[in-house]
Amino acid sequence: MGRGRSGDLLPLVNSSAPGKIILFGEHAVVYNRPALAVPVTQVHVDVEVLDSSSRPGIWVNAPGINLNAELNSLPTDHPIASVMLKLFQSLGIFQPPPMDISITSTIPVASGLGSGAAVSVALIRALTLYLEQPLTNVQVNEIAFEVEKLHHGTPSGIDNTVITFNKPVYFIKGQPIETFKVGKPFTIVIGDTGIFAPTKESVMDVRLLWLRDTNNFEHIFNEIAQISLIARRSIESGKPELLGEFMDHNHELLKQLTVSSLELDTLVQAARSAGALGAKLSGSGRGGNMISLVEKETAESVSNALLSAGAKRTIITEIT
Ligand code: PMV
């Protein structure tokens, strides 16, 4: 319970959703190949909903994006408004009650860590709790995917899925959700180029190249699919040390898809030189993040090497 402006106790609900990284298979996943993704719980979106009966309307306060506005004043395709409108529509709610919504996030925007999908998932969960109409994970995932489609053109749905289920997923577009177990924990260092890189653009560029050179691109996608498959087996059977080589190979294939960049290649190389077992870009590329597999003891030194090579920030995360 929270305390309202008049001092009355008001109902309060909150919800949180993690960030994510794609370990293997980005871009190929758009073409129905498998990809592996895991949640990153060190970064998250938090949503809080309060009863605001003292003033009409639905107020959204998201300081991270300088937003403090009433829902009706926002364009219907606004990233936050669109989540709420989709949700009300699917719940058949035409006159939602007044409320105050606060959204805070520690996930960097447009950098491959799933910030958009995490906002959708946390917001959907908080609102359904507040409206006392809880949904299953599958339903939350479906609505979050509808929102992803509004903003990203032809997304595979991997971001909303791994974030909704908050577990490692082996993802194939349009197929039932498969989560999987990690046989032995392993450590990943994430390095952020700090470069804003919209997913929609690199996905579109890959599509144009695929249309021009279909055989070659299909061949690359098949190689990436093999990597995702073997990587999943290695993780499940407790041999994560094998992933380093697969990461290096996957990065080379992503370069062939033209989605790497000088900054990403520099960070990948810096991680390897500092003792990482392997490294690759993660997500849509061109900017955003890269990931590297490390022995726990070398995590700090790889992280420092990434910062010296130009990373704007790093995250050390244990995949369990
Ligand atoms: O949202 P990002 O940057 O993690 O990239 C998504 C991964 C892609 O495979 C490039 C696109 C998709 O929809 O799967």
Side-chain angles (χ1 to χ4, degrees), residues 17-40 43-45 79 105 107-121 141-142 144-165 168-175 177-178 188 190-210 217-218 220-225 227-228 231 247 250-251 253-261 263-264 267 280-291 315 317:
K20 71 99 207 354
I21 46 171
I22 296 181
L23 292 178
F24 298 99
E26 49 275 270
H27 286 287
V29 70
V30 175
Y31 299 79
N32 305 311
R33 283 15 178 237
L36 303 188
V38 292
V40 175
V43 284
H44 40 89
V45 170
S105 175
I107 309 179
V109 176
S111 63
L113 291 181
S115 69
V119 167
S120 298
V121 170
N141 197 29
E142 272 169 15
F145 186 42
E146 288 302 313
V147 178
E148 290 281 287
K149 283 195 267 191
L150 286 179
H151 303 300
H152 297 308
T154 54
S156 62
I158 189 168
D159 282 21
N160 47 281
T161 302
V162 64
I163 288 168
T164 301
F165 288 84
V169 295
Y170 179 81
F171 181 87
I172 303 177
K173 199 168 100 179
Q175 296 208 4
I177 290 124
E178 265 185 76
I188 296 283
I190 305 170
D192 189 350
T193 61
I195 295 169
F196 176 86
T199 301
K200 202 172 181 170
E201 281 173 22
S202 64
V203 169
M204 178 67 83
D205 290 349
V206 171
R207 181 157 301 270
L208 294 176
L209 292 168
W210 172 75
F217 272 60
E218 284 290 314
I220 299 171
F221 295 150
N222 285 340
E223 271 196 68
I224 295 176
I227 294 176
S228 292
M247 282 187 180
N250 197 164
H251 186 71
L253 294 167
L254 286 161
K255 277 167 84 167
Q256 290 177 32
L257 296 181
T258 76
V259 295
S260 194
S261 67
E263 294 81 1
L264 282 164
L267 295 187
K280 65 182 275 292
L281 72 87
S282 175
S284 52
R286 299 269 165 85
N289 282 278
M290 50 71 69
I291 57 174
I315 299 172
T317 185

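In listed order, ligands and their atoms are each counted from 1.
For atom 11 (C) of ligand 1, the choice among Thr154, Ile21, Thr161, Val30 with the nearest heavy atom turns out to be Val30. The option with the heavy atom closest to atom 13 (O) of ligand 1, from among Ser156, Gly288, Ser284, is Ser156.
In this structure, atom 8 (C) of ligand 1 lies nearest to the protein heavy atom His27 N, 3.9 Å. Protein heavy atom nearest atom 1 (O) of ligand 1, with residue, atom name and distance: Asp159 OD2, 3.0 Å. Annotation: atom 7 (C) of ligand 1 to nearest protein heavy atom, Ile22 CD1, 3.5 Å.
Close contacts of ligand 1 with Gly283, meaning ligand atoms under 4.0 Å from a residue heavy atom, involve 2 (P), 3 (O), 4 (O), 5 (O). The Glu26 neighbourhood of ligand 1 comprises atoms 9 (O), with distances under 4.0 Å to a heavy atom of that residue. The atoms of ligand 1 that sit less than 4.0 Å from any heavy atom of Thr199 are 1 (O), 2 (P), 3 (O), 5 (O). Interface atoms of ligand 1 facing Val29, defined by a heavy-atom separation under 4.0 Å, are 9 (O), 14 (O). For ligand 1 and Pro155, the ligand atoms under 4.0 Å from any heavy atom of the residue are 13 (O). Atoms of ligand 1 found under 4.0 Å from any heavy atom of Ile158 (numbered from 1 in listed order, with element): 14 (O).
No option in Leu36, Val162, Leu113 other than Leu113 meets the side-chain contact (heavy atoms from CB on, under 4.5 Å) test with Ile21. Screening Ile227, Leu253, Leu254 for a side-chain contact (heavy atoms from CB on, under 4.5 Å) involving Lys280 leaves a single residue, Leu254.
Judged purely by distance below 3.5 Å, without hydrogens or angles, the side chains of Asn289 and Ser282 never pair a donor atom with an acceptor atom.
Salt bridge Glu218/Arg33: present, at least one basic N to carboxylate O contact under 4.0 Å. Between Arg286 and Glu263 there is no salt bridge, since none of the side-chain N atoms of the basic residue sits less than 4.0 Å from a carboxylate O of the acidic one.
Residue contacts with ligand 1 include Lys20, since one or more of its heavy atoms lies under 4.0 Å from the ligand.
Annotation: side chain of Val38 is not in contact with side chain of Val169 (no heavy-atom distance under 4.5 Å).
Between Glu26 atom CD and Leu281 atom CG the span is 5.5 Å, to the nearest 0.5 Å.
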Step-by-step side chain to side chain contact (heavy atoms under 4.5 Å, CB included) determination, Tyr31 to Val206: CA-CA 11 Å; Tyr31 299 79; Val206 171; 4.1 Å; yes
